[in-house]
Amino acid sequence: MDLSSLNKMQHLAVTTTEGSVLIIAGAGSGKTGVLTKRIAYLISEKGVYPNNILAFTFTNKAAREMKQRVENMVGDYANGMWLGTFHSICVRILRREADKLGYKSDFVIYDTSDRKVLIKECMKELNINDKQIPVNMVQNLISSAKNDLISPNEFKDNVYGEYPVDVIAKIYELYQTKIVKNNAMDFDDLIWNVLKLFGEYTQVLEYYQNKFKYVHVDEYQDTNKAQYKLIRYFALSHKNLCVVGDEDQSIYSWRGADITNIYSLEKDFPDIKLIKLEQNYRSTQNILNAANAVIEKNTERKEKQLWTDNGIGEKIKYYGASNEYKEAEFVVGEILKKSFKSGFKYSDFAILYRTNAQSRVFEDILLKNNIPYTIVGGLKFYERKEIKDFISYMRLIQNSVDDVSFMRVVNSPKRSIGAKSLEKMSEFGRINDLSMFQSAAILLESGAFSKKASDGLNGFLNFIMTYSNKKAELSAMDIYNAIYSESGYVDSLIVENTIEAKSRIENIKEFKNVIEEFEKSEEDKTLENFLAMISLKSDVDSLTEDDSAVVMMTIHSAKGLEFPVVFLVGLEENIFPSSMSLSEDSEAKEERRLCYVGITRAEKLLYLTNAYQRNRFGRTEVNSPSRFLADIPFDYMESITGESPVLVKQKISFSGEFSKYKTDDIFSKKDSKSSIKRFTNSLESSTKPQNDNLDINTGDKIEHTKFGIGTIVAYDVKKDMITIAFETNGIKKLKKSLSPITKL
DNA sequence: AGAGCGAGCGTTTTT
DNA sequence: CGCTCGCTCT
């Protein structure tokens with residue numbers, strides 16, 4: 001095998017096959033190539049059987065590409081290796097072993113919205129008001145508990161903020177009972193259940209330990225505790241483990257990713273060899289300088305300097321727009337110019353932003369200019385109502401005890417089955433420990449429903465039952481066709497005959513193409529496999545390389561990708577870094593890493609933009625240029641307008657009693673109870689801001705020209721801005737002030 | 001049972 | 001602003 005294209009460190013990483021290896025790979029250092037060549041090397045030079053090789057990737061797309069590249073090097077023979085995301089590998093194992101865990105092998109996978117529905121149901125059953133305890137919070141707590149391997153029982157002993165732990169533990173417990181009863185697993189369960197399997201069945205564990213003699217993990221910095229334990233199980237007996245990661249690119253801590261996994265590794269695998277890849281092959285020196293300048297501000301990181309011999313390259317282009325439309329017009333203008341003059345294809349351009357909502361304006365302007373584009377993520381195709389409904393029909397046919405799906409489609413299209421009837425079914429099911437489907441069938445026999453409801457329900461149950469019985473002989477496409485023509489769903493849309501209904505039908509037809517694609521590319525054409533595939537599909541998975549279209553996505557989604565020209569947009573305080581992140585971590589460490597990831601996606605040209613004003617939540621917001629802009633020395637940049645990023649620097653300096661001061665230049669986020677609460681909580685847990693010139697205390701009176709006199713309940717001072725939560729006549733308001741507060 | 005309307009809330013990021 | 005939820009009326 002020809003390894004001459006590799007540098008010294010890369011060569012070492014490829015050929016150190018025995019024992020454990022930690023590869024610290026900077027952005028653009030060719031780690032994917034190294035990982036691929038390493039696997040190919042194992043097969044062709046070391047004679048390792050492909051089915052003894054396991055590799056975890058971050059996305060299915062990465063897995064697919066890696067597999068392809070290995071096959072190109074060593075032939076189709078490589079097909080036997082197991083290469084996929086943690087989730088898809090776990091599903092593969094769980095299908096075989098489901099019965100050992102009290103599941104049937106045709107279990108379905110719940111996504112975040114299904115999980116939410118089920119949690120709501122649990123809370124309703126436990127008589128817990130979702131006004132007091134928000135469902136989203138419960139959801140996050142349960143998910144992080146699962147990622148930290150904390151069971152419902154253990155949950156009570158853990159402190160999770162100031163929330164009523166015992167109540168949440170109860171919800172968690174009921175949720176877990178229900179999800180098992182529904183023969184369903186959520187994303188976290190997929191990992192958890194494999195751990196359980198390995199913990200309880202030594203022979204199963206030994207089988208897999210024995211099978212996978214070489215284990216690889218890509219994007220290691222973004223693994224969580226549960227995933228680490230899984231890696232450990234797989235690799236601890238033979239210790240042939242190769243992990244690749246970069247602490248500077250750790251951007252998923254909010255999903256449970258745990259950077260200390262790197263240190264656990266050194267404990268569990270004491271002989272681990274460290275290999276650093278610091279030469280960058282992707283970007284110009286200017287781009288790397290900017291990236292280094294941004295990431296350097298993070299303390300507590302291991303020193304690492306990316307370098308390249310790609311040459312200095314063009315300076316980074318900076319543009320400060322007056323608002324988000326001007327920002328988008330500038331970006332699109334540059335795309336037009338560059339694609340005409342410099343020979344870039346549309347697909348060479350990527351627009352990267354912090355939040356999905358930012359894509360709208362760009363979409364607008366691109367559309368106006370007839371430039372083709374693709375958006376990754378955002379309003380996902382599979383999350384559209386009609387598609388979710390179709391999927392629910394499919395799931396119910398696959399697994400009739402799935403109550404969440406049952407509830408979703410039993411009266412859609414309208415079958416005159418209302419709240420009363422549903423209540424009867426779920427009550428009956430609860431008492432007799434039956435699924436909604438079973439309950440419905442029994443109650444129907446005994447004539448528990450009105451004539452209209454009975455007729456509707458009868459047709460529905462028969463339809464599901466007919467195809468449920470035949471599912472083994474039918475493909476995913478057969479089932480789709482059945483739902484299309486026999487469930488009455490599409491018929492009712494045709495009757496509706498509105499523009500909206502028509503577009504729904506269009507989407508349903510589009511969904512057929514998805515199934516067609518699936519049947520073309522997959523060997524296993526069953527409904528079961530189709531459902532698993534779409535649940536575990538990530539947004540970037542559907543991104544194709546040769547599409548001649550500008551690509552738009554969040555920076556999170558762009559991880560692992562690269563583009564000749566990158567526009568990093570919306571570089572404003574409160575947007576990027578996000579205001580949400582600032583309340584948890586005032587230094588915005590993870591946001592900084594995210595910025596680093598964004599910058600290092602660029603190969604040749606990098607544009608940085610901000611808007612001084614933008615509309616959000618239907619209101620005009622004014623935000624200073626992002627601190628990240630200020631961190632990049634201007635030597636590496638050039639400004640399109642000639643102006644450098646203007647920090648809105650208006651120092652708040654006053655002393656004395658606060659009640660003597662007033663301000664009228666206060667603009668606000670909309671007053672939301674939860675945002676005030678979150679804000680107040682975060683301030684209570686952090687240290688009070690220090691500012692010599694400032695003498696603010698909670699309890700102080702403040703006068704505002706619009707809102708009158710109020711009492712400060714919380715405040716925070718950033719370098720150019722003061723945020724105050726204050727109460728007027730019992731109403732709490734959250735306000736921000738840019739201009740100095742003046743004497744009364 | 002289901003349509004229709006107003007209130008209130010939210011947005012980080014996703015397998 | 002736009003979506004979801006819950007209430008009310010038919």
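Protein chains get the first letters and strands the later ones, always in sequence-line order, with residue 1 at the start of each.
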For [N], take OP1 and OP2 only and decide whether either is under 4.0 Å from a side-chain N or O of [X].
X: A:Thr59; N: B:dT15; value: no
X: A:Asn574; N: B:dT12; value: no
X: A:Asn356; N: B:dT13; value: yes
X: A:Ser557; N: B:dT14; value: yes

Salt bridge check, [Y] against [X]: does any charged N sit closer than 4.0 Å to a carboxylate O?
X: A:Arg395; Y: A:Asp114; value: yes
X: A:Arg504; Y: A:Glu386; value: yes
X: A:Asp246; Y: A:Lys31; value: no
X: A:Lys146; Y: A:Asp186; value: yes
X: A:Glu573; Y: A:Arg627; value: yes
X: A:Arg95; Y: A:Glu528; value: yes
X: A:Arg415; Y: A:Asp455; value: no

Rounded to whole Å, how long is the line connecting atom [atom1] of [X] with atom [atom2] of [N]?
X: A:Glu383; N: B:dT15; atom1: CD; atom2: C1'; result: 12 Å
X: A:Asp114; N: B:dT15; atom1: CG; atom2: C1'; result: 14 Å
X: A:Tyr110; N: B:dT15; atom1: OH; atom2: C1'; result: 18 Å
X: A:Tyr353; N: B:dT13; atom1: OH; atom2: P; result: 10 Å
X: A:His87; N: B:dT14; atom1: NE2; atom2: C1'; result: 9 Å
X: A:Lys116; N: B:dT11; atom1: NZ; atom2: C1'; result: 12 Å
X: A:Glu572; N: B:dT11; atom1: CD; atom2: P; result: 20 Å
X: A:Glu219; N: B:dT13; atom1: CD; atom2: P; result: 20 Å

**Item:** Proximal nucleotide (of B:dT11, B:dT13, C:dG2) relative to the A:Arg360 side chain
**Value:**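 Of the candidates, C:dG2 comes closest.
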**Asked** Nearest of B:dT15, B:dT13, B:dT11 to any side-chain atom of A:Ala357?
**Response**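 Of B:dT15, B:dT13, B:dT11, B:dT11 is nearest to the side chain of A:Ala357.
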**Request:** Give one of base, sugar-phosphate or nothing for A:Ser421, where a contact means two heavy atoms less than 4.0 Å apart.
**Result:**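 Sugar-phosphate: the residue A:Ser421, judged by heavy atoms under 4.0 Å, touches backbone atoms but no base.
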**Message:** Mind checking if A:Ala419 touches a base, just sugar-phosphate, or nothing, with heavy atoms under 4.0 Å?
**Reply:**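 Sugar-phosphate, no base atom in range.
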**Output field: ring centroids A:Phe56/A:His216 closer than 6.0 Å** =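 Not under 6.0 Å, so no.
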Every protein N/O within reach of nucleotides 4-10 of chain C N/O, cut-off under 3.5 Å:
residue : atom : partner  : partner atom : Å
C:dC5   : OP1  : A:Lys120 : NZ           : 2.6

When you compare the protein's N or O atoms with those of nucleotides 2-5 of chain B, which come within less than 3.5 Å of each other, and at what distance?
residue : atom : partner  : partner atom : Å
B:dG2   : OP1  : A:Ser416 : N            : 3.4
B:dG2   : OP2  : A:Asn411 : ND2          : 3.0

**Prompt:** A:Trp254 on top of B:dT13's base, within under 5.5 Å and under 30°?
**Reply:**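 By the stated criterion, A:Trp254 and B:dT13 stack.
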**Asked** Taking the six-membered ring of A:Tyr596, is NZ or CZ of A:Arg593 closer than 6.0 Å to its centre and within 45° of its axis?
**Response**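 A:Arg593 over A:Tyr596 ring: no.
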**Asked** Is there a donor-acceptor contact under 3.5 Å linking the side chains of A:Glu247 and A:Gln249?
**Response**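 Result is no, nothing qualifies.
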**Request:** For A:Thr554 and for A:Lys420, locate the closest nucleotide of DNA chain B by heavy-atom distance; then report the residue assigned to the nucleotide nearer the 5' terminus.
**Result:**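 Mapping each residue to its closest nucleotide by heavy atoms, the 5'-most match is A:Lys420.
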